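What follows is a short report on a single structure.
On a predicted model such as this, the values are computed, not experimentally measured, just so you know. Just so it is clear: chains get the letters A, B, ... in the order the sequence lines come, proteins before strands, and each one is counted from 1.
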There are 2 protein chains.
Amino acid sequence: MSRVVRVAAAQMGPIARAEGRAEVVDRLIAQLHKAHSFGADLVIYPEMALTTFFPRWVFDDPNEADAFCEAAMPNPAIQPLFDEAARLQVGFSLGYAELTQEEGRKRRFNASILVDGTGAIVGKYRKVHIPGLAHADPDGCASNFEKRYFENGNLGFPVFRAFGGVLGMCICNDRRWPEAWRVMGLQGAELVMCGYNTGATRMVMEGNRRVMEPAHLATEHNLLVMRAAAYQNCCWVVGVAKAGAEEGSNFLGDTCIIAPTGDVVAKAVGLGDEVIVADCDLSAGDYNRRSIFNFEAHRQLQHYGLITAQRGVKVPV
Amino acid sequence: MSRVVRVAAAQMGPIARAEGRAEVVDRLIAQLHKAHSFGADLVIYPEMALTTFFPRWVFDDPNEADAFCEAAMPNPAIQPLFDEAARLQVGFSLGYAELTQEEGRKRRFNASILVDGTGAIVGKYRKVHIPGLAHADPDGCASNFEKRYFENGNLGFPVFRAFGGVLGMCICNDRRWPEAWRVMGLQGAELVMCGYNTGATRMVMEGNRRVMEPAHLATEHNLLVMRAAAYQNCCWVVGVAKAGAEEGSNFLGDTCIIAPTGDVVAKAVGLGDEVIVADCDLSAGDYNRRSIFNFEAHRQLQHYGLITAQRGVKVPV
């Protein structure tokens, strides 16, 4: 049985604050059509693909975030995407801000879902590594305040049997944490989808001075962490950007499909709505899984204890 | 107080099986002199820098390995290196095969030491991730049989206060495992030294066929894992090769010094004895350590359990 999945990564250009769900869903459907024209089985959209990336702002009242959230998925505004994807028998993964009532209170998560070719939701993930700050940055460097609006995901890093393989999801900042990838790798993930909204530049402190980080680093770091994760966990990685100039933010593009070798096999060139595609053989990581990265043969748990025992840095000497 | 350490990476060309310790130590001292001419504070030599890389062979009697091991460190053959380094007040790190009597039996480890500018051994590490096979490979792909000769290191991933900072060591295959780097990162490692003997080509199975892996991958993977580790743990990484055509093996060069940004700031160009140098500001990772990679603020231990609970892959669904 062939285990090749034709995967499309649907980079999105900017979404303005004034843009309504209906307009955005029209764009998502246009991307779906382009992916279908490539013969794709699965289309991957970015993190928070339905609205502007609101956590760039520090709202006095964090509940202002609710307007950017979905209280149900699907919901009437999003249903046309589900319907059209099911009609074309194309699956998709979609990132969105989630508003939910759980444990007797209102909660917000930065979420993504995996939808199969019949339109059924077969997987759900909530971003574990919520980045940024909960309050304005005294240094004036921060451009991300997700900690003000979102709880850390409470579903762990689940994997899902779908599209003939074992698939996982992570979101944006998660990709910088090797722990996230390893937990999915230990569950046999063969393809991991990762949407992101990531600044193309970054301000940092150099001593007491606020300076711009060298310009190549944002692109380098984005590729570096996803390529390393693909190689070290023998899986495909699909990184999908919300890109371009959005409400004063300049976001990276660099949407890419990465093989288990760490090779980038497809890559977006622009900063707008753009679809790239590749055939992903889900067995491509198998030889490394039984040789150089045979976890059972090579991992040495007895020396990894700090990873789960200690959260922050402690210099022992 | 300045926290800049001038670090030299002393790549070694091949060492023939017939080459004795005295000849090799002469080469190490020549490298030391070149490093000293650059004003280096610390010289880093590769893995198993005193002999040929014997685990390419499958000896019928594994005890044949003893001839390539050091039963004491220093010992009379190596003492001239210690003496000359102390005279020049240059520290060094040296990889070697270790033969020891512990727990009432003979044991072999793939080890490295850190020596300060007075010639005192201030750190010792034993390779945790022993790669390869213990027996000949039925597929005919393997070129590394370290598991036949070495036990997995039993010292964990210690860090050492030396050269004004917090330093760690890992060896060759360790660099492919993000767990190794994270355990050092959690202890505040600011510079990690990693010697290696790594094939420049690799045979793999493609279905039932034995084929060569695409030629760019060995170089790519070497840089990829060390650069990602440097970025994700906010530390300097110094990767030092035994390079070139040695007893039928073709080893990678690509000795490099990597900043906490993931940037390669110095790199060897050839496959012989070669010294590269860079000024490593041990504070260079500090801003990331308190922002994007503030472990205390961002790590989510409650979702990392599998990393220390489960050795091999188990697909849960």
Quick check on the interface: out of [options], who has the most heavy-atom pairs with chain A under 4.5 Å?
{"options": "B/A297, B/A189, B/A309", "answer": "B/A297"}
{"options": "B/L217, B/D286, B/V166", "answer": "B/L217"}
{"options": "B/P316, B/G188, B/S291", "answer": "B/P316"}
{"options": "B/L155, B/L306, B/V317, B/L186", "answer": "B/L186"}
{"options": "B/R227, B/H216, B/Q187, B/E220", "answer": "B/Q187"}

Exercise for the section: Please look at A/D263 and chain B and tell me whether the side chain, the backbone, both or neither of the residue comes under 4.5 angstrom of a heavy atom of that chain. Expected result: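 Contact with chain B involves the side chain of A/D263 alone.
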To the closest 0.5 Å, what do you measure between [atom1] ([X]) and [atom2] ([Y])?
{"X": "B/N173", "Y": "A/F293", "atom1": "CG", "atom2": "CZ", "value": "7.5 Å"}
{"X": "B/Q300", "Y": "A/K127", "atom1": "CD", "atom2": "NZ", "value": "12.0 Å"}
{"X": "B/R290", "Y": "A/D139", "atom1": "CZ", "atom2": "CG", "value": "6.0 Å"}

Exercise for the section: Might you point out which heavy atoms bring A/P178 and B/R182 nearest each other, and give the distance in Å? Expected result: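 Distance-wise, the nearest heavy atoms are CD-NH2, 3.2 Å.
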Min side-chain heavy-atom separation [X]-[Y] under 4.5 Å:
{"X": "B/H298", "Y": "A/R176", "value": "no"}
{"X": "B/Q310", "Y": "A/F295", "value": "no"}
{"X": "A/I292", "Y": "B/R202", "value": "yes"}
{"X": "A/C141", "Y": "B/Y287", "value": "yes"}
{"X": "A/R311", "Y": "B/Y304", "value": "no"}
{"X": "A/E213", "Y": "B/T261", "value": "no"}

Exercise for the section: Give the C-alpha distance, both sets of side-chain angles, the deciding distance and a yes or no for side-chain contact (heavy atoms from CB on, under 4.5 Å) between A/H129 and B/R299. Expected result: CA-CA 7 Å; A/H129 295 97; B/R299 294 182 76 243; 5.6 Å; no
Problem - A/H221 and B/Y231 aromatic ring geometry - parallel, tilted or perpendicular at 30°/60° bounds - result: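 Rings of B/Y231 and A/H221: parallel, under 30°.
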Exercise for the section: Start with the C-alpha distance between B/L224 and A/Q232, add both sets of side-chain angles, then the distance that settles side-chain contact (heavy atoms from CB on, under 4.5 Å), and finish with yes or no. Expected result: CA-CA 10 Å; B/L224 182 60; A/Q232 292 171 324; over 6 Å; no
